2 protein chains.
Amino acid sequence: MLSFTEENYLKSIYHLSNGGTQAVLTNALAESMNTKAASVTDMVKKLSTKGMISYEKYYGVKITRVGKTEALMIIRKHRLWETFLVQTLQFNWDEVHEVAEQLEHIQSPLLIEKLDDFLGHPRTDPHGHPIPDKAGKIVEIKQVILSTCALRKKVMVRAVRNGSPSFLQYLSKIGVYIGATLTIVDKVEFDGSLEITIDGKKKVFISRDAAENLMVTE
Amino acid sequence: MLSFTEENYLKSIYHLSNGGTQAVLTNALAESMNTKAASVTDMVKKLSTKGMISYEKYYGVKITRVGKTEALMIIRKHRLWETFLVQTLQFNWDEVHEVAEQLEHIQSPLLIEKLDDFLGHPRTDPHGHPIPDKAGKIVEIKQVILSTCALRKKVMVRAVRNGSPSFLQYLSKIGVYIGATLTIVDKVEFDGSLEITIDGKKKVFISRDAAENLMVTE
DNA sequence: TTTATTTTTTAGACCGATCTAAAAATTGAC
DNA sequence: GTCAATTTTTAGATCGGTCTAAAAAATAAA
Ligand SMILES: [Mn+2]
Ligand SMILES: [Mn+2]
Ligand SMILES: [Mn+2]
Ligand SMILES: [Mn+2]
């Protein structure tokens, strides 16, 4: 049984390692957890003795098989709760993350399976991120960053990379949502900003930063 | 801001004091919290400095106005979540308490108001207990213990006093539920057990203990 | 390849929540 | 009203999670 804090560390390690493919360094983890390197070293030893990660002094940590499964279950809960908050309780997509950070730690396998049933086994959360299934399997949909797309090509918004409330609110305001059809009508060489149309109608300018945080498919 | 543990203590104090009407002694609180008297003394001092209770050495604690409001909000959350689990997620009424013990600590006023809206502002939880409203107001329905009722009188089950899973499962098994109509057809002098009919049909015997944990109205 | 910089770990402390053991206050019995 | 039993509080320790400051290792620069 992992503590609240241990679960958060593990989730961070999973994300920072790109799903367990790379090692995670102490300082990177400290920054993402808003804590100090010394605290990370302590926690990392604990997670290591619990078999969640393998830890080699000065070389960072790698998530283990069980650790990965554990992390995916927390992510599953997080994303199912976010979906519930938006679909069922009418939250806006920029309001759900903080609450889901709490709800993801509720311990009840029955609850999460019933929630999943109730929601109709959604495959993605309100931000377009895939929801791992009961077995921890995650179906990644091939998608590319908007700013890399060709001019005049119709693409569909699939996910946001940065899910910060301010970015999400901005997207809502200009009319961009998951499932929207975008077309790049012009690229500004100077600053990387784009002129796009949304659903073939509205024409807006978005910054390079915004364009780099939208994931789309053709 | 109260910690997880402080919230649990406060809720216990509220219940043990019958909604703030009596003082609560250290040992009583220790027993209900499954902890030691020494730990209670520590916690009680902390809750006192936070203004949730007034504490007088050797004479127990009394809940304050703010403490009561705080306790009622936790109870509101607990009971709304229990209602959600049964009504929306199809839990049985004996499966919800433990999960609600966790969910009641989620911090998000927006969440609880949206949940309340979604459920249609229920007035009682799956065990018949009243749900405090947004302002902390609680509508107690006058009800009596089944074992005190007269013979042959039709009464309606309103709530259970003891909500333990085993009792609830037993009730389900014999066909007793919130809203069922019961009639006492015989009282056994010797052991206080009752012979009753459920909804005018099924005839069963229940023990004194069971009869003392069923709340009914006429 | 020696030195300087950066990263990471260790040592030692603090805080919140808990415990055991011992002291103090209250209550009950005679 | 005194003494014994019960209840409650204090004292001191532990554990998990965090911190700062200092030591050690790894990396980069000269
Ligand atoms: Mn999120
Ligand atoms: Mn999300
Ligand atoms: Mn309950
Ligand atoms: Mn209940």
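Since the model is a prediction, treat every value here as computed from it, not as a measurement. A, B, ... follow the sequence lines: proteins, then strands. Residue 1 opens every chain.
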Salt bridge check: are Arg65(A) and Glu70(A) linked by an N-O gap of less than 4.0 Å? no
Just how far, in rounded Å, is C1' of dT7(C) from CD of Glu31(A)? 14 Å
Got a sec, which pairs hit ring pair (Phe, Tyr, Trp, His ring centres under 6.0 Å) with one end in residues 97-122 of chain B, sequence neighbours left out? Phe4(B)-His105(B), His78(B)-His97(B)
Name the one of Lys134(A), Arg76(A), Lys77(A) that satisfies salt bridge (Lys or Arg N to Asp or Glu O under 4.0 Å) with Asp116(A)? Arg76(A)
With a 4.0 Å cut-off, would you call Glu212(B) and Arg208(B) a salt bridge? yes
Thr217(B) meets the side chain to side chain donor-acceptor pair (under 3.5 Å) criterion, sequence neighbours left out, with Arg158(B)
Using a cut-off of strictly less than 4.0 Å, decide whether Thr35(B) has a side-chain nitrogen or oxygen near OP1 or OP2 of dT18(C). no
Contacts of Tyr9(A) that satisfy ring pair (Phe, Tyr, Trp, His ring centres under 6.0 Å) - sequence neighbours left out: none
Please give, in whole Å, the distance from dA21(C) C1' to Asp42(B) CG? 15 Å
Under 4.0 angstrom between Lys36(B) side-chain N/O and dT18(C) OP1 or OP2: no
Within residues 2-10 of chain B, the residues having a heavy atom closer than 4.0 Å to DNA chain D are none
Does the pair Arg79(B)/Glu104(B) count as a salt bridge with the N-to-O cut at 4.0 Å? no
State which residues pass side chain to side chain donor-acceptor pair (under 3.5 Å) with Ser193(A); sequence neighbours excluded, sorted by chain then number. Asp191(A)
Could you run through nucleotides 3-9 of chain D and give me one letter per nucleotide, 5' to 3': B if any protein heavy atom sits under 4.0 Å from the base, S if only the sugar-phosphate is that close, - if neither? ----SBB
